[in-house]
Amino acid sequence: MRHLLSTADLDRAAAIGILDTAAQMAATQSREIKKLPTLRGRTVVNLFFEDSTRTRISFETAAKRLSADVINFSAKGSSVSKGESLKDTALTLQAMGADAVVIRHQASGAPHTLAHSGWVDGAVINAGDGTHQHPTQALLDAYTIRRHLVGLRGGADPAGRDLAGLKVAIVGDVLHSRVARSNVLLLRTLGADVTLVAPPTLVPVGVETWPCRVSYHLDEVLREQQPDAIMMLRVQRERMTAGGAGGAFFPNPLEYTRGYGLDARRLRLLPDHAIVMHPGPMNRGLEISADAADSARAVIVEQVANGVAVRMAVLYLLLAGDQRPAEAAQSGARPDRVLTDERVGIA
Amino acid sequence: MTAGPVVPRASGPTLVLGAPEIVRALTRIAHEILERNKGGSDLVLLGIPTRGLPLAVRLAARLAAVEPGLDAAALVGSLDVTMYRDDLRHHPTRAIGATQLPASGIDGKIVVLVDDVLYSGRTIRAALDAISDLGRPRAVQLAALVDRGHRELPIRPDYVGKNLPTSHHERVRVLLTETDGEDAVLIEDPDGGAR
């Protein structure tokens with residue numbers, strides 16, 4: 001694995017490998033000394049073109065717990081807001097010696113461009129691009145589901161196991177959600193059965209080609225399918241009802257809540273072992289009621305903690321090993337040595 | 001020191017220790033551990049995966065057999081040092097193993113690190129770093145089934161199953177029933193010739 005751009009790139013073995021590594025990382029996070037020397041001397045750049053405090057802090061924490069140097073680069077207030085292109089930003093980062101670039105961009109495909117352009121040598125990690133993908137979020141969701149439902153049911157250690165036989169419902173704004181897209185692919189790869197639930201206006205065109213079922217009726221799905229995990233997606237109010245012609249996806253928030261919000265009544269329809277998930281930040285009273293968000297079944301706060309472990313695992317797997325053994329053999333030099341020399345030249 | 005039979009195998013690798021010699025070496029190390037530490041109280045055996053862990057389990061069983069008060073299972077832990085290695089960049093990414101300490105922890109204990117082969121000493125350096133992140137033992141000792149020399153750091157084992165002078169290009173392989181289906185210590189010469 002050289003980059004992490006999309007959950008579509010992960011096969012079952014790779015996904016399980018990341019989850020198992022994350023489990024070992026999580027084990028180190030319960031110690032008194034949480035910091036590991038693993039990535040000492042490596043530089044991770046958080047390149048955020050779109051605001052996201054949580055994802056950035058999560059990546060920053062993960063990199064720091066592995067002793068990497070972290071540079072936060074926010075587009076706001078930087079030269080990007082003065083019109084600098086992604087290419088020039090990337091070349092600057094390359095010159096500074098970034099071993100990994102964690103990129104969040106409002107345009108779908110920006111991380112892919114960065115990874116395949118040759119502008120940076122380091123690993124590229126997609127931290128959310130447009131409405132396309134958010135792979136580490138999907139991985140942390142899968143990790144959370146496995147921790148709660150696989151170990152529990154099998155009565156054994158979940159390490160090395162997939163999510164075969166589990167039913168997951170993903171509810172809400174699927175149209176704009178990179179979380180839903182990433183999760184459908186990853187959960188399917190891991191053998192889970194996914195149902196998307198959304199109002200017809202928030203279901204993307206072409207959803208029939210996705211490896212999942214689609215329903216417009218939340219109550220029906222809860223009653224008939226009895227999902228083991230229910231994942232509520234964030235509804236961005238400003239996206240939904242404002243914007244005039246073509247901008248409204250449902251008449252008003254109350255109607256959305258009645259149709260697709262998770263409240264105490266719907267919580268009771270779920271099986272006893274089911275868990276409630278949300279990628280955050282939550283709109284309490286819109287897609288999720290306070291009862292549901294604060295219930296014993298909600299694992300929303302734990303998802304945040306698991307996010308750090310999963311991102312540690314991804315950084316470890318992308319950065320710790322020798323990424324270019326073939327080139328190293330050809331040139332007869334250690335790849336990190338070559339890179340360092342080049343960087344000095346550019347700087 | 002146990003004088004193992006040096007028998008060339010048909011395919012090339014030389015058998016240095018067979019199953020009975022490994023059993024004798026571990027029994028002797030167990031007695032040495034008890035003698036040096038005046039009994040088994042406050043002992044913790046930390047095996048370094050992969051093959052240090054089954055060796056630690058076997059040593060613990062011998063300690064418990066000699067000292068009736070000891071609970072073998074409560075003595076043993078595993079210590080994964082992957083994240084503390086200084087050579088991560090020079091190898092393909094390694095899978096991370098589990099670190100599991102005995103319930104009593106390691107604070108104030110005498111920790112005996114157990115590994116199969118002692119070579120450059122870098123694994124043990126990583127293990128010492130890992131231990132210092134986990135707690136503060138009273139003392140740390142080192143047991144190795146095979147010491148093949150070529151140290152790159154000032155590290156010295158306290159208990160050795162067999163001292164095995166080797167050259168750099170030779171490979172020492174330890175096989176254990178738990179992981180490989182048989183007990184044996186082999187030397188392989190990549191150039192083909194048996195020692």
Side-chain angles (χ1 to χ4, degrees), chain A residues 1-2 4 13-14 16-42 62 65-68 99 122-123 157-160 309 312-326 328-329 333-340, chain B residues 44 46-50 52-53 57 73 76-109 111 120-138 140 152-153 178-179 190:
Chain A
M1 194 164 69
R2 172 111 162 76
L4 180 61
I16 289 175
I18 295 174
L19 299 186
D20 286 349
T21 307
Q24 301 300 347
M25 292 293 180
T28 68
Q29 296 308 296
S30 57
R31 297 179 190 165
E32 200 173 327
I33 298 173
K34 297 181 175 62
K35 195 159 173 152
L36 299 157
T38 316
L39 295 183
R40 214 167 51 201
R42 297 259 159 156
R65 294 273 163 86
L66 291 170
S67 300
D99 295 297
D157 186 9
M312 286 173 77
V314 169
L315 287 170
Y316 170 77
L317 292 171
L318 290 179
L319 286 181
D322 178 0
Q323 296 302 313
R324 285 166 288 267
R334 292 219 305 269
D336 53 304
R337 188 64 54 76
V338 175
L339 282 181
T340 312
Chain B
V44 169
L46 292 184
I48 298 176
T50 311
L53 185 55
V57 171
V76 183
S78 75
L79 182 71
D80 183 71
V81 304
T82 311
M83 287 187 275
Y84 293 84
R85 298 193 72 99
D86 58 7
D87 59 354
L88 285 172
R89 283 192 202 194
H90 310 309
H91 297 281
T93 311
R94 293 161 190 261
I96 295 176
T99 291
Q100 259 157 359
L101 300 184
S104 57
I106 60 170
D107 286 330
K109 303 276 185 175
V111 170
S120 65
R122 290 177 188 268
T123 302
I124 304 305
R125 183 213 56 81
L128 292 172
D129 279 358
I131 285 177
S132 66
D133 276 2
L134 292 168
R136 190 178 184 284
R138 189 162 92 228
V140 181
E152 295 166 9
L153 296 168
E178 292 89 333
T179 50

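Lettering follows sequence order; numbering is per chain, from 1.
Only the side chain of B:Thr82 comes within less than 4.5 Å of a heavy atom in chain A; its backbone stays farther off. A:Ser67 does not touch chain B: none of its heavy atoms, backbone or side chain, sits under 4.5 Å away. Heavy atoms closer than 4.5 Å to chain B are found nowhere in A:Lys34, neither backbone nor side chain. B:Arg85 does not touch chain A: none of its heavy atoms, backbone or side chain, sits under 4.5 Å away.
With a 4.5 Å cut-off on side-chain heavy atoms, B:Thr93 and A:Tyr316 count as touching.
Here the side chain of B:Asp107 pairs no donor or acceptor atom with the backbone of B:Gly135 at under 3.5 angstrom. Panel note: side chain A:Arg42, backbone A:Leu319; a donor-acceptor pair is recorded below 3.5 Å.
For CD of B:Gln100, the number of neighbouring non-hydrogen atoms (other residues, nucleotides, ligands) closer than 6.0 Å is 12 at most. Surrounding CZ of A:Arg31 are more than 12 heavy atoms belonging to other residues, nucleotides or ligands, all under 6.0 Å away.
Most heavy-atom pairs under 4.5 Å with chain A, from the set B:Asp129, B:Asp80, B:Thr99, B:Leu134: that is B:Leu134.
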